[in-house]
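Chain letters run A, B, ... following the sequence lines, proteins first, then strands; residues in each count from 1.
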Protein chains: 2
Amino acid sequence: MTSPAGLSPRELQTYFALVESAALLHHTVEQHLRADGDLSDVQFQVLARLVDEGGRATMTDLADGVVYSRSGLTHQAGLLEKAGLITRTRHPEDQRATLVEVTEAGRARVDQVMPGHLEVVRRMLFDQLSADDLDALADVLPRVRDHMRSLPPRSVTSRKEGRRERAS
Amino acid sequence: MTSPAGLSPRELQTYFALVESAALLHHTVEQHLRADGDLSDVQFQVLARLVDEGGRATMTDLADGVVYSRSGLTHQAGLLEKAGLITRTRHPEDQRATLVEVTEAGRARVDQVMPGHLEVVRRMLFDQLSADDLDALADVLPRVRDHMRSLPPRSVTSRKEGRRERAS
DNA sequence: TATTGTTATACTCTATAACTATA
DNA sequence: TATAGTTATAGAGTATAACAATA
């Protein structure tokens, strides 16, 4: 009961450590982003991803990368647009799609938040890791991430299921 | 702008991998717990922690370990109690405190959910790690967790601040 | 007919502040 | 006076389903 079969105690320990570390880090980061840049977690991710991808993307691109529902992203994008940090326009090549672009204010906001953000991450995560520790994590975690990404078709399910039946 | 000063590209990569891994794992786990045992993330953590600590704890114990506000925990504990998975009684040694105890149904629920829970974790996290990978993570992550836990006095701030002034 | 995105809605989680009671 | 916990309430995030427009 205390150490249920299924995972070794070592695996269980590691799992708990991962979950707790991530939760603590996530929580602190959220606080910082809110206090320092008035951004939610997701809003920051959207802006950062936009900047990282050259400034523009479609809603679907963003939803796949950041959130797990389109409506959730629509909501967040609405807030970002109202704050003047992004614009949304019709995509020239596919009239159905929405072209999302970071504004100058959006870039400025990212630049404003990023240093403090990275400092939090360094203080909580990297400052007490040895070079070997970092090597280990840098080696393992990206593989873990890629593996996890490869598994589930998540987030799109709802639409496909819902379409199934449309009675009169 | 794409790789801001403050963290090395390697560190940044590792950080993103950690955040994404944790988010993907967390999201999948939440879905499973809800579908398989009608439990929220926090509710499961409360139950698991209670079981792990011999069946009983105070609200403050639980709040410190799981959530970041007492009222949040009160809410979750209320749901768990209504579902018959825990009981709340006066603590015999300190009449202010609440003694939270897992019921048989609570233990049963944990036992019901745990196998599937661990299977999700194994499939997403451990199945594609080598023994060396596991060694590395098992070595590093608990230290990371302990370090993070040692940093912030979080979650208790609200009360102390709020108490400061009580005018009129 | 399938896809993109928005809307409307409802639900859950979380936190702040005010309050009771015990220490 | 300080602590444990609850309550009331309000706010933010998320998701489901129904919908309009385009491919």
Side-chain angles (χ1 to χ4, degrees), chain A residues 23 26-27 30-31 33-35 38-46 57-64 66-82 88-100 154-168, chain B residues 23 26-27 30-31 33-35 38-46 57-64 66-82 88-100 154-168:
Chain A
H26 185 235
H27 191 264
E30 270 188 331
Q31 280 190 327
L33 290 175
R34 179 62 70 191
D38 196 33
L39 292 173
S40 74
D41 183 27
V42 174
Q43 286 162 21
F44 172 71
Q45 282 187 58
V46 166
T58 68
M59 292 294 281
T60 296
D61 293 341
L62 294 173
D64 283 351
V66 174
V67 182
Y68 293 108
S69 78
R70 292 157 199 274
S71 64
L73 181 64
T74 297
H75 175 65
Q76 295 294 336
L79 296 176
L80 286 172
E81 190 174 42
K82 202 161 67 180
R88 282 184 291 181
T89 54
R90 279 286 175 85
H91 191 107
E93 287 161 30
D94 183 342
Q95 295 287 313
R96 295 173 301 180
T98 295
L99 187 61
V100 183
R154 206 194 329 304
S155 101
V156 208
T157 8
S158 55
R159 170 155 306 198
K160 286 177 181 164
E161 311 295 87
R163 226 72 195 91
R164 186 110 302 153
E165 58 216 305
R166 78 224 103 79
S168 67
Chain B
H26 185 234
H27 191 264
E30 270 189 331
Q31 281 190 325
L33 290 175
R34 179 62 70 192
D38 197 32
L39 292 173
S40 75
D41 183 28
V42 174
Q43 287 162 19
F44 173 70
Q45 280 188 61
V46 167
T58 68
M59 292 295 281
T60 297
D61 293 341
L62 294 173
D64 283 352
V66 174
V67 182
Y68 292 109
S69 79
R70 292 159 196 275
S71 63
L73 181 63
T74 296
H75 174 65
Q76 295 295 336
L79 295 176
L80 286 171
E81 192 175 41
K82 202 162 65 182
R88 282 184 291 181
T89 54
R90 278 286 173 85
H91 190 109
E93 288 161 31
D94 183 342
Q95 295 287 314
R96 295 173 300 183
T98 296
L99 187 61
V100 183
R154 207 192 329 302
S155 100
V156 208
T157 9
S158 53
R159 171 157 302 201
K160 287 177 179 163
E161 312 294 89
R163 226 72 196 89
R164 187 110 297 155
E165 57 217 304
R166 77 225 104 79
S168 102

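- Contact annotation for A:Thr98: backbone-only contact, meaning every heavy-atom pair under 4.0 Å involves sugar-phosphate atoms and none involves a base.
- Considering only side-chain N and O atoms, A:Gln95 lies nowhere under 4.0 angstrom from the phosphate OP1 or OP2 of C:dT3.
- Not a single donor-acceptor pair under 3.5 Å links the side chain of A:Glu30 to the backbone N or O of A:His27.
- Using modelled atom types, one finds a donor on one side chain and an acceptor on the other under 3.5 Å when comparing A:Arg70 with A:Thr60.
- At distances below 3.5 Å, at least one donor-acceptor pair connects side-chain atoms of A:Gln43 with backbone N or O atoms of A:Ser40.
- Atom CG of A:Leu79 and atom C1' of D:dA12 are 9 Å apart (whole Å).
- Spacing between atom NE2 of A:His75 and atom C1' of D:dT14 amounts to 9 Å, rounded to whole angstrom units.
- Which of D:dA15, D:dG5, C:dC13 sits closest to the side chain of A:Ser69 comes down to D:dA15.
- The listed nucleotides are D:dT14, D:dA15, C:dA17; the one nearest the side chain of A:Gln76 is D:dT14.
- Atom OG1 of A:Thr89 sits about 4.5 Å away from atom CG of A:Leu99, to the nearest 0.5 Å.
- Here A:Ser40 reaches the OP1 or OP2 of D:dG13: one of its side-chain N or O atoms lies under 4.0 Å away.
- Minimum atom distance to the side chain of B:Arg96 is reached by D:dT3, of the listed D:dG5, D:dT3, C:dT6.
- Computed from coordinates, the A:His26 NE2 to D:dG13 P distance equals 11 Å when rounded to whole Å.
- Between the side chain of B:Ser71 and the base of C:dA15 there is at least one donor-acceptor pair of N/O atoms closer than 3.5 Å.
- Dashed line: the shortest gap from a side-chain N or O of A:Arg34 to OP1 or OP2 of D:dG13 is under 4.0 Å.
- Remark: B:Arg88 is in phosphate contact with D:dT6, judged by side-chain N or O atoms under 4.0 Å from OP1 or OP2.
- At distances below 3.5 Å, at least one donor-acceptor pair connects side-chain atoms of B:Glu81 with backbone N or O atoms of B:Arg88.
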**Request:** Could you walk me through whether A:Thr98 and A:Thr58 pass side chain to side chain contact (heavy atoms under 4.5 Å, CB included), step by step?
**Result:** CA-CA 5 Å; A:Thr98 295; A:Thr58 68; over 6 Å; no
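- To the nearest angstrom, P of C:dT14 lies 14 Å from CG of A:Asp41.
- Nearest nucleotide to the A:His27 side chain, out of D:dA4, C:dG5, C:dA15: C:dA15.
- Residue A:Glu93 contributes atom CD, which lies 17 Å from atom C1' of C:dT3 at whole-angstrom precision.
- Between A:Leu39 and B:Ala97, the residue anchored closer to the 5' end of DNA chain D is B:Ala97, taking for each the nucleotide with the nearest heavy atom.
- Counting to the nearest Å, the P atom of D:dG13 and the CZ atom of A:Phe44 are 15 Å from each other.
- Note on B:Arg70: a side-chain N or O is less than 4.0 Å away from OP1 or OP2 of D:dA4.
- Counting to the nearest Å, the C1' atom of C:dT16 and the CG atom of B:Leu73 are 16 Å from each other.
- Between A:Arg90 and C:dG5 there is no side-chain polar atom (N or O) within less than 4.0 angstrom of OP1 or OP2.
- In this structure, A:Lys82 places its NZ atom 10 Å from P of D:dA12, rounding to the nearest Å.
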